[in-house]
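Some notes on the structure that comes next.
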2 protein chains.
Amino acid sequence: MATPDGLFVLEGRPTAQLIADQLREQIVQGTFRPGQQINESVMAGQLNTSRGPLREALQRLCQEGILVSHRNRGVFVLELETEDIQEIYAVRESVESAAANALLDGSPEQIKATCEVLRETIGEMAKQVAVSDWQAIARLDMQFHTSFVAGAGNSRLIRIYKTLAAESRMCIVNLEVSYPRVDVLVEEHQNLLDLLEAGDRKGLLKAIKRHMQKAVEDLTERQPDQVTA
Amino acid sequence: MATPDGLFVLEGRPTAQLIADQLREQIVQGTFRPGQQINESVMAGQLNTSRGPLREALQRLCQEGILVSHRNRGVFVLELETEDIQEIYAVRESVESAAANALLDGSPEQIKATCEVLRETIGEMAKQVAVSDWQAIARLDMQFHTSFVAGAGNSRLIRIYKTLAAESRMCIVNLEVSYPRVDVLVEEHQNLLDLLEAGDRKGLLKAIKRHMQKAVEDLTERQPDQVTA
DNA sequence: GGACTGTAGATTGTCAACAATTTGCGATGT
DNA sequence: ACATCGCAAATTGTTGACAATCTACAGTCC
């Protein structure tokens with residue numbers, strides 16, 4: 001939030017939050033492999049902090065669900081099963097549908113502003129597709145959907161979706177799924193944007209449903225014995 | 001989770017979790033007033049533990065959203081505005097709708113088992129209505145909806161809903177809203193159960209929507225200068 | 001008299017040492 | 001040879017003390 005003078009209120013909760021954000025980014029990028037243990041002491045040393053704040057960060061990520069904790073044994077990176085993928089995308093469909101409905105019930109300005117942001121993200125995505133930067137594409141994919149949900153203006157919905165977005169990125173990166181056909185990906189998001197702009201509620205909801213179902217298929221159909229594309 | 005022998009795996013993370021559960025119960029029951037500060041040292045003393053575990057518990061509740069933290073100033077019980085109530089119930093409608101769809105797409109046994117649990121809760125609710133125990137009624141109300149969502153079997157959906165249920169209880173208790181007419185409340189839940197049992201998807205979704213809209217009205221319409229019913 | 005500055009108190013944020021628990025390996029007995 | 005018991009290393013859980021930050025009050029200056 002910016003003040004009228006363009007200054008920023010920096011009050012909040014930095015340290016543990018900062019560590020958590022950093023770790024989350026590392027995890028969703030695949031720097032930590034699923035099932036890998038995270039040692040408190042060594043990690044604290046690497047980040048040049050103490051075990052206290054790091055512990056808080058880990059606990060936070062545990063609650064988000066991308067880490068799992070076993071008492072007296074440590075925390076481990078979540079291992080995603082087929083079941084998890086289905087769960088994640090089922091919830092995502094529900095949340096995005098709710099956001100779509102709220103957005104279309106909102107003011108035209110709200111819709112317009114959201115579309116603007118989405119358009120920019122798609123532009124970025126197209127650029128990264130050109131250079132085949134999968135890591136960046138995955139990030140922008142999630143940024144698109146997160147911005148979409150954010151457009152609805154429901155802070156709780158946004159909070160919920162951030163976790164889902166992180167888990168989705170883990171699915172994509174860890175399963176080494178380089179999106180089947182990237183140009184299709186840009187098209188699909190453009191389609192969602194067009195439907196939102198047109199105010200086609202029914203079409204948008206259907207498109208969201210299809211988008212999610214397709215993603216689950218892409219992520220689950222191929223057997224895990226396939227290492228790279 | 002129970003093992004085949006009926007034994008329980010107690011692995012998990014007790015202490016901080018236990019403290020968090022205890023505090024959450026106190027908060028949603030209204031023992032702590034909205035906006036009230038929670039002092040780490042004194043609270044740790046009261047619970048006969050150290051600041052470390054208690055801090056973890058507080059942080060957990062912050063992430064759940066029923067506490068808010070101001071850096072270097074402490075944590076405070078969330079103050080619910082009209083906006084929050086609208087947000088909470090909008091998300092609840094979305095989550096319960098998703099659960100309803102998943103449940104109706106599931107096996108008949110799954111539906112049957114869920115109905116059984118819901119029926120029991122309604123029975124309990126009727127008993128508490130007879131003695132006008134508002135606190136218990138609010139708890140059972142949320143238990144009904146939580147069981148409903150749990151019936152869908154999506155662990156992420158359940159986790160999300162638990163937070164919403166806690167916030168809802170805070171709304172009800174803190175606003176001193178003694179449900180407008182309690183017999184209507186039992187009827188309404190019975191209606192939801194009937195629709196689920198009948199497999200009437202459209203009717204169930206509509207009923208959920210109405211249920212939520214009505215709740216928002218009840219919680220927001222009366223001005224806060226009214227202290228008790 | 002009003003506004004600003006400086007200080008005091010209190011509370012949270014961080015840290016390092018201690019205690020408890022678990023896992024793995026090796027010795028022992030059958 | 002196999003299973004069981006016991007020990008040792010490592011890691012997490014907990015604790016108390018120290019440091020940084022913020023709020024409130026009092027004193028001073030304009």
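Just so it is clear: chains get the letters A, B, ... in the order the sequence lines come, proteins before strands, and each one is counted from 1. As the structure is a computational prediction, the values presented were derived from the model and not from experiment.
Contacts of residues 47-54 of chain B with DNA chain D (heavy atom under 4.0 Å): B:Thr49, B:Ser50, B:Arg51, B:Gly52, B:Pro53.
In this structure, CD of B:Glu40 is placed 15 Å from C1' of D:dT14, rounded to the nearest angstrom. In this structure, B:Asn72 places its CG atom 10 Å from P of C:dT12, rounding to the nearest Å. Atom pair A:Glu56:CD and C:dT12:P shows a separation of 13 Å (rounding to whole Å applied). Atoms CD (A:Gln17) and C1' (C:dG13) sit 15 Å apart, rounded to a whole Å. Distance CD1 (A:Ile38) to C1' (D:dG13): 18 Å, rounded to an integer number of Å. One interatomic measurement links the two molecules: CD of B:Gln37 to C1' of D:dT23, which rounds to 11 Å at whole-angstrom precision. A straight line from CZ of B:Arg55 to C1' of D:dG13 spans 16 Å, rounded to a whole angstrom. Atom NE2 in B:His70 sits roughly 16 Å away from atom C1' in C:dG13 (whole-Å rounding).
Annotation: B:Glu120, atom CD; neighbour count of heavy atoms from other residues, nucleotides and ligands within 6.0 Å does not exceed 12.
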Table please: side-chain donor-acceptor pairs of residues 44-53 of chain B below 3.5 Å, with sequence neighbours left out.
| from | atom 1 | to | atom 2 | distance (Å) |
| --- | --- | --- | --- | --- |
| B:Arg51 | NE | B:Glu40 | OE1 | 3.0 |
| B:Arg51 | NH2 | B:Glu40 | OE1 | 2.9 |

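Note on A:Arg71: every side-chain N or O is 4.0 Å or more away from OP1 and OP2 of C:dT21. A close approach under 4.0 Å does occur between a side-chain nitrogen or oxygen of A:Thr15 and OP1 or OP2 of C:dT14. Side-chain nitrogen and oxygen atoms of B:Asn39 include at least one within less than 4.0 Å of the OP1 or OP2 phosphate oxygen of C:dT12.
For the residue pair A:Gln17 / A:Arg60, a side-chain donor-acceptor distance below 3.5 Å is found, with atom types taken as modelled.
Contact annotation for B:Leu58: no contact, since no heavy-atom pair falls under 4.0 Å across all strands.
Using a cut-off of 4.0 Å between Lys/Arg side-chain N and Asp/Glu carboxylate O, B:Arg119 and B:Glu116 are scored as salt-bridged.
Residue A:Arg73 places its side chain closer to C:dT22 than to any other of C:dT22, C:dG13, D:dT12.
No option in A:His189, A:Gln128, A:Arg169 other than A:His189 meets the side-chain contact (heavy atoms from CB on, under 4.5 Å) test with A:Asp141.
By the 4.5 Å heavy-atom criterion applied to side chains, B:Gln213 and B:Tyr89 are not counted as neighbours.
Within the 3.5 Å criterion, the main-chain N or O of A:Glu81 finds a donor-acceptor partner in the side chain of A:Asp84.
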